[in-house]
Amino acid sequence: MADFNVTRVSVALIAGLHAALFAPDAPAQAQAPPQRPNVVVILGDDLGFADLGSFGSEIKTPNLDNLAREGVRFANFYTHASCSPTRSILLSGVDTHLNGLGNMSEWTAPNQRGAVGYEGYLNKNVVTLPQLMKDAGYHTYMVGKWHMGKQPDQIPAARGFERDFSLLDGAGSYWDMTNFTALTPKSVFTEDGRYLTSLPKDYYATKTYTDKMISYIDANHGDGKPFFAYVAHQAPHDPYHLPKEWRSRHVGDYDKGWEAVRQERLKRQIELGIMPAGTELAERMWFVADPIVFAPMSRVVLGRKMELYAGLVENMDYHVGRLIDHLKKIGEYDNTIFIVFGDNGAEGTDLFKMMTGAPGTANYLFAAIKWSQTNINAWGNPGSYVGYGPMWAQVSMTPFSQYKGWTAEGGIRNALIVSGPVVQRAKGSINNGLMHVADIMPTLLSIAGASYPKTNADGQELPALMGKPWNDVLAGRAESPRTDQDYLAWEIFGNRAVRQGDWKLRWQFRPYGTGDWELYNVTTDPGERRNVAAQNPEKFQALLALWDSYAKANNVILPNRGPYETLAPRYDQLPVRVPVDEGFPALIYQRQFVPPADMLAEPKP
């Protein structure tokens, strides 16, 4: 883990740039302002809050950590609870229930079908960030996962990207075009607006995405125009595919089990200042066993999954480093803003089981043929499918509760790094202002000198941007873009939440939630261990009113079907929820009794 000592940085050059960007129009004879900064957005797919060294991880991420050292880390940043909803907010600045991703296309409920805002793709009622950046004179490039529509008028080239190499699906093999189900056996890719029939020679997702982005930047370098680069990595989403030389960098490191690693990460987070002293870990998921109950070889097998995940994150960091080094080589690094975060909480659900279904089905047969490499020595190869499960997902989300798909902190809170010429805060500093992925669009439009239009090309009125620009926060003039009266709200799969100031109200399906609203002070209780609704009835009602207002203003249609509808009444999927108390039941923790040596004796004749 790197040393993140806080130092002061000279801001004279940066202040001059900021003044040039935001000052009134100068007379024609004045000196031309400095070139506007480039922007690189790096998105990790299912990357957890605690998975980077700069956020407390043992995983080695020197390139991303160096961006944190040169910029600022945000420890109170929110995304959505799942991938395409977060991406839709990032690129539209508008709530999911208005921009077309009111639900993921894979889970559109019967009562949501045909409703505006629930199309399952980024709809035409919004204008995109790349389109506005392009209109403002930026080159716009994208590589990686899209997941917001496959039709010709929905793909990246149709939504503002000048160049792209994109996986349109939500996931897939890192090695080839193999997809997951019998009816969708082949992943769909586009390059510069054309659908690919095959992939480049020696394709590996993370490497190829980086190669393509470097080539796009080089193709127009020197023409005087800045660029907006959206690097939407597939990593570290499962399946955990990675080159052999990246698979054994942490052999044995995770055999100690998830609870030990979670405690170590929290300790480092407190030392770094990411979390305050006294922070408690969220309760371990009640259906996740204490690793002490597993036999040593079982711990090795489960630890191997985390070893592969760690290698996947490190490989992503390596390729981020390649991009950074290239920008330095061509003289663009110092004029580039980097924004780095994960799209939601870490993945704790067994997606492979969810997709393959029951024996005898077409999907099960497809998986048995196409995803048949189940031997532990083949993990990481084409045809293998490894995910690490809820125990390690909770490690990735240390110290928070739960993970992707849920509106607990572990589903929606993520690490954020911002560096580059607009950051005037102390290098390596940490900020705790309340931030949201929706803030990125107004921030970048301001930096680019672009404005958000009132209507789209057809004259239709556009919905208002939901985010708050970060300019004052990045410049060190404010600690948060929000006041204590501003609030954030979420809904996905029927799970919902609202946060205002220190307080958060959430509703989740049983047994992950209570099937009723719960109130937490997430500043003093980030692990959401203590539901204080009964002790704070006025705050409870105030936040409930905010939720009702949000739902009405944003066309929220609670789904009548969803991925979690069977969890509460059927405990063949999950055991009955009970509290997790350390050392209980004593039966499984008891050790062999060893008598005092001076009292040992052989049996008498």
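Only heavy atoms go into these numbers, but all of them, side chains included; no hydrogens, no water, no symmetry mates.
With respect to the salt-bridge test (charged N to carboxylate O, under 4.0 angstrom), the residues Asp45 and Arg87 qualify. A salt bridge between Glu271 and Arg268 is absent, with no side-chain N of the basic residue lying under 4.0 Å from a carboxylate O of the acidic one. A salt bridge links Arg530 and Glu280; the closest N-O separation between the charged side-chain nitrogens and carboxylate oxygens is under 4.0 Å. Contact check on Asp46 versus Lys404 returns a salt bridge, with a Lys/Arg side-chain nitrogen under 4.0 Å from an Asp/Glu carboxylate oxygen. Look at Arg304 and Glu307 and you find a salt bridge, because one of the NZ, NE, NH1 or NH2 atoms lies within 4.0 Å of a carboxylate O, short of that distance.
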- prompt: Going through the distances and angles, do Arg247 and Trp379 end up as a side-chain contact (heavy atoms from CB on, under 4.5 Å)?
  reply: CA-CA 9 Å; Arg247 299 178 194 174; Trp379 286 359; over 6 Å; no
- request: Test side-chain contact (heavy atoms from CB on, under 4.5 Å) on Ile217 and Glu332 and set out the steps.
  value: CA-CA 10 Å; Ile217 292 170; Glu332 293 292 345; 5.7 Å; no
query: Step by step, would you call Arg265 with Asp51 a side-chain contact (heavy atoms from CB on, under 4.5 Å)?
result: CA-CA 9 Å; Arg265 288 194 181 187; Asp51 281 336; 2.9 Å; yes
task: List the steps, then state whether salt bridge (Lys or Arg N to Asp or Glu O under 4.0 Å) holds for Arg482 with Asp439.
output: CA-CA 10 Å; Arg482 289 176 173 78; Asp439 304 338; 2.7 Å; yes
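The aromatic rings of Trp175 and His241 sit tilted, their planes meeting at an angle between 30° and 60°. Ring pair Trp392/Trp258 is perpendicular by interplanar angle, where above 60° counts as perpendicular and below 30° as parallel. Ring orientation note: the planes of Phe189 and Tyr203 are nearly perpendicular, at an angle over 60° on the 30°/60° scale. Between Phe228 and Tyr230, the ring-plane angle classifies as parallel under the 30° and 60° cut-offs.
Not one N or O on the side chain of Arg262 forms a donor-acceptor pair closer than 3.5 Å with the backbone of Glu264. No donor-acceptor pair under 3.5 Å is formed between the side chain of Arg413 and the backbone N or O of Ala408. Judged by distance alone, the side chain of Asp486 and the main-chain N or O of Thr483 form a donor-acceptor pair under 3.5 Å. When atom types are taken as modelled, the side chain of Asn38 and the backbone of Thr336 share no donor-acceptor pair closer than 3.5 angstrom. Between the side chain of Asn521 and the backbone N or O of Trp503 there is no donor-acceptor pair closer than 3.5 Å. Judged purely by atom type and a 3.5 angstrom limit, Thr407 has no side-chain atom pairing as donor or acceptor with the backbone of Arg506. Using a distance-only test at 3.5 Å, with no hydrogens or angles considered, a donor-acceptor pair links the side chain of Asn431 to the main chain of Glu479. Judged by distance alone, with hydrogens and angles left aside, the side-chain atoms of Tyr216 form a donor-acceptor pair with the main-chain N or O of Asp164 at under 3.5 Å. Remark: the backbone N or O of Arg477 is not paired with any side-chain donor or acceptor of Asp472 at under 3.5 angstrom.
A cation-pi arrangement is absent between Lys504 and Tyr520 under the rule of less than 6.0 angstrom and at most 45 degrees off the ring axis.
For NZ of Lys212, the number of neighbouring non-hydrogen atoms (other residues, nucleotides, ligands) closer than 6.0 Å is greater than 12. The number of heavy atoms from other shown groups lying within 6.0 Å of CG (Asp484) does not exceed 12. Surrounding NZ of Lys267 are at most 12 heavy atoms belonging to other residues, nucleotides or ligands under 6.0 Å away. At most 12 non-hydrogen atoms from other residues, nucleotides or ligands lie less than 6.0 angstrom from OH of Tyr318.
Here the CG-CH2 distance, from Leu122 to Trp146, works out to 6.0 Å after rounding to the nearest 0.5 Å. Rounding to the nearest 0.5 Å places CD1 of Ile417 at 4.0 Å from OG of Ser54. To the nearest 0.5 Å, atom CZ of residue Arg73 and atom CD1 of residue Ile274 are 4.5 Å apart. Interatomic distance, Ile339 CD1 to Leu444 CG, rounded to the nearest 0.5 Å: 4.5 Å.
The shortest heavy-atom contact between Asn99 and Ile89 is ND2-N, 3.8 Å. Taking every heavy atom of both residues into account, Asp343 and Cys83 meet most closely at OD2-CB, 3.1 Å. Here the shortest heavy-atom pairing between Ser92 and Leu465 reads O-CD2, 3.6 Å. Across Ala235 and Met316, no two heavy atoms sit closer than the pair O-SD, 3.6 Å. For Asn344 against Asn414, the heavy-atom pair with the smallest separation is O-ND2, 2.7 Å.
The distance between the ring centers of Tyr388 and Tyr240 falls below 6.0 angstrom.
A search for salt bridge (Lys or Arg N to Asp or Glu O under 4.0 Å) contacts involving Asp211 returns Lys207, Arg322, not counting sequence neighbours.
Side-chain N/O atoms of Tyr209 and Gln234 include a donor and acceptor closer than 3.5 Å. There is no side-chain donor-acceptor pair under 3.5 Å between Tyr309 and Glu347. Using modelled atom types and a 3.5 Å distance limit, the side chains of Asn63 and Asp317 yield a donor-acceptor pair. Side chains of Glu314 and His250: a donor-acceptor N/O pair is present below 3.5 angstrom, by distance only.
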